[in-house]
2 protein chains.
Amino acid sequence: MTDNPRGRRSDATRTAILEAARERFAADGYDRATIRAIARDADIDPSMVMRYYGNKEGLFAAAVAVDLGLPGLSGLPRDTVGPAVAEHFLDLWEGNEVLTALVRVGAASQAGAERIQGIFREQLLPVARRICPDPEQVPARAALVASQLLGLALTRYVLRIPPAVDLTREEIVAWLGPTLQRYLTAPNP
Amino acid sequence: MTDNPRGRRSDATRTAILEAARERFAADGYDRATIRAIARDADIDPSMVMRYYGNKEGLFAAAVAVDLGLPGLSGLPRDTVGPAVAEHFLDLWEGNEVLTALVRVGAASQAGAERIQGIFREQLLPVARRICPDPEQVPARAALVASQLLGLALTRYVLRIPPAVDLTREEIVAWLGPTLQRYLTAPNP
DNA sequence: ACTGTTGGTCAACGCTTGTTGGCAACATAG
DNA sequence: CTATGTTGCCAACAAGCGTTGACCAACAGT
């Protein structure tokens with residue numbers, strides 16, 4: 001029994017499945033990303049997906065386990081955090097397809113929406129708590145930040161509205177930076 | 001032959017189908033909103049949907065024919081257009097489910113995404129052209145406006161992130177108004 | 001009263017989906 | 001070398017889907 005947790009013989013297959021799943025979920029959304037298509041991309045049999053991840057929901061859960069890596073931002077000077085957040089998320093979106101998949105599936109299914117709610121609650125809220133001045137306003141301000149960040153992701157990476165795709169990295173930081181800065185630290189309007 | 005364009009005997013059925021379709025598309029997205037479920041909601045047979053709208057794509061196209069009613073905004077004073085846009089879109093989102101359905105389906109399928117691109121191009125861009133100072137910057141600025149508006153819709157009406165749902169109308173106008181104003185009329189940063 | 005058109009139902013089609021269980025090949029432990 | 005657990009493929013299942021065509025009932029025009 002090769003029970004050794006590190007280095008199972010099937011690890012290559014497992015990660016191939018996850019990679020293919022991320023690509024398909026990002027490109028096609030939850031319903032159209034079929035297990036058969038994912039298995040074909042990973043060059044294995046559909047039944048292997050079921051064996052390793054139980055069912056389609058389990059596969060999705062495993063494929064979009066995401067860490068935003070936000071805590072690193074809380075050490076920054078408070079008055080330049082807006083542009084820093086914009087840059088950080090640009091890196092995340094362009095680095096891999098997990099977040100695109102997440103938005104696509106979140107818009108398509110209740111389970112996906114709940115997963116995004118969880119990420120918001122457990123990863124964005126705590127950081128906002130350490131940046132915002134008024135503790136009572138933290139949820140509202142974090143929600144505004146999320147709306148602008150997810151909105152850019154939606155128009156640029158999911159809907160692919162041409163002018164949103166054509167925005168350069170510098171333009172995005174220059175425009176969104178002050179917006180996020182205001183949502184996080186400006187006095188209540 | 002009751003060829004009379006106004007007042008066909010089947011008009012009640014047709015609109016019942018469209019209403020049910022909008023609800024289902026908004027609640028479930030394109031793939032999970034089945035023709036059978038829509039027909040059940042409208043209390044008719046699935047085959048009627050096919051007869052009246054050809055196929056599922058045709059039904060979707062008919063269900064989300066949307067007019068943003070933006071031209072009315074171009075007569076406003078240029079320095080208060082931001083909050084006015086925010087209020088206008090709040091009315092639209094809360095008035096009916098067409099836009100929610102549109103975002104859900106846009107995120108799920110290529111056809112839906114193209115439809116949103118079309119609305120952006122034909123309804124948002126022309127109005128932005130009459131508000132923005134620099135004609136060359138119009139597409140980028142309109143894309144930024146769309147990102148914030150669609151982002152709020154996504155977090156509030158589709159993902160239903162609790163703090164985004166809890167925002168009051170006044171809070172939204174007070175926070176988004178200046179953002180949209182800046183995207184539309186502020187000098188290039 | 002006859003006839004053609006329209007509104008609507010019913011049952012079925014072909015297809016794809018997620019999911020399951022059986023079976024062969026292989027690696028490893030004793 | 002044998003026994004055991006792991007990896008993988010194959011074929012099949014039941015369910016649900018969009019879609020179709022045959023059929024009946026009510027109506028309108030003449």
Side-chain angles (χ1 to χ4, degrees), chain A residues 1-22 24-25 27-64 101 104-105 108-112, chain B residues 1-22 24-25 27-64 101 104-105 108-112:
Chain A
M1 49 180 105
T2 324
D3 219 347
N4 197 340
R6 19 180 163 235
R8 281 214 286 331
R9 222 170 358 124
S10 61
D11 273 0
T13 304
R14 294 180 123 95
T15 67
I17 293 175
L18 282 190
E19 274 181 43
R22 274 190 275 264
R24 282 283 176 181
F25 281 134
D28 301 340
Y30 189 83
D31 294 290
R32 292 161 126 93
T34 67
I35 288 192
R36 286 171 150 91
I38 292 169
R40 207 178 316 127
D41 289 357
D43 266 314
I44 46 98
D45 190 87
S47 63
M48 301 301 297
V49 178
M50 308 300 298
R51 196 185 322 231
Y52 290 141
Y53 298 102
N55 54 28
K56 191 176 179 180
E57 257 191 84
L59 170 64
F60 173 70
V64 298
R104 265 225 155 85
V105 177
S109 78
Q110 184 59 28
Chain B
M1 52 177 99
T2 322
D3 220 347
N4 196 339
R6 18 178 161 240
R8 283 216 283 332
R9 240 184 328 138
S10 61
D11 273 1
T13 303
R14 293 180 124 95
T15 67
I17 292 175
L18 282 189
E19 274 182 44
R22 274 189 275 264
R24 282 283 176 180
F25 281 134
D28 301 340
Y30 190 83
D31 294 289
R32 293 160 124 95
T34 67
I35 288 192
R36 287 169 149 94
I38 292 168
R40 207 179 315 128
D41 289 356
D43 265 314
I44 44 99
D45 191 89
S47 63
M48 301 302 297
V49 179
M50 308 300 298
R51 188 164 4 211
Y52 290 141
Y53 298 101
N55 54 28
K56 191 176 180 180
E57 258 192 82
L59 171 65
F60 173 70
V64 300
R104 265 224 155 86
V105 177
S109 79
Q110 186 58 29

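Chain identifiers are assigned alphabetically (A, B, ...) following the order of the sequence lines, protein sequences preceding nucleic acid strands; residue numbering begins at 1 within each chain. Note that the structure is a prediction, hence the values are computed from the model and not measured.
Between Met48(A) and Asp31(B), the residue anchored nearer the 5' end of DNA chain D, judged by the nucleotide with its closest heavy atom, is Met48(A). The nearest heavy atom of DNA chain C to Arg32(A) and to Gly54(A) marks one nucleotide each, and the one closer to the 5' end goes with Arg32(A). Of the two residues contacting DNA chain C, namely Tyr30(A) and Ser47(B), the nearest-nucleotide position lying further toward the 5' end is that of Ser47(B).
Between dG8(C) and Thr13(B), a contact under 4.0 Å exists linking OP1 or OP2 to a side-chain N or O.
Atom CD1 in Ile35(A) sits about 5 Å away from atom P in dG18(C), given to the nearest Å. The separation between Lys56(B) atom NZ and dT20(D) atom P is 15 Å, rounded to whole Å. Look at CG on Asp45(B): it is 16 Å from P on dA25(D), rounded to the nearest Å. Rounded to an integer number of Å, the gap from CG of Leu59(B) to P of dG18(D) is 10 Å. Atom OH of Tyr53(B) and atom C1' of dT19(D) are 18 Å apart (whole Å). The separation between Ile38(A) atom CD1 and dT19(C) atom P is 11 Å, rounded to whole Å. Rounded to whole Å, atom P of dA15(D) lies 14 Å from atom CZ of Arg36(B). At whole-Å resolution of the value, CD1 in Ile44(A) and P in dC9(D) are 7 Å apart.
Donor-acceptor pairing under 3.5 Å, judged by distance alone, is present between the side chain of Arg51(A) and the base of dG8(D).
Judged purely by atom type and a 3.5 angstrom limit, Lys56(A) uses its side chain to pair as donor or acceptor with the backbone of Ala33(A). Within the 3.5 Å criterion, the main-chain N or O of Phe60(A) finds no donor-acceptor partner in the side chain of Tyr53(A). Tyr52(A) places no side-chain N or O within donor-acceptor distance of the main-chain N or O of Leu59(A), the cut-off being under 3.5 Å.
Closest to the side chain of Met50(A), from the set dT19(C), dG7(C), dC9(D), is dT19(C). Of the listed nucleotides (dT19(D), dC17(D), dT7(D)), dC17(D) has the atom at the smallest distance from the side chain of Thr34(B). Proximity note for Asn55(A) (side chain, C-beta onward) versus dT19(C), dC10(D), dG8(D): the nearest is dT19(C).
Using a 30° and 60° split on the angle between ring planes, Phe25(B) and Tyr30(B) fall in the parallel class, below 30°.
Using a 4.5 Å heavy-atom threshold, the side chains of Arg14(A) and Asp11(A) count as touching.
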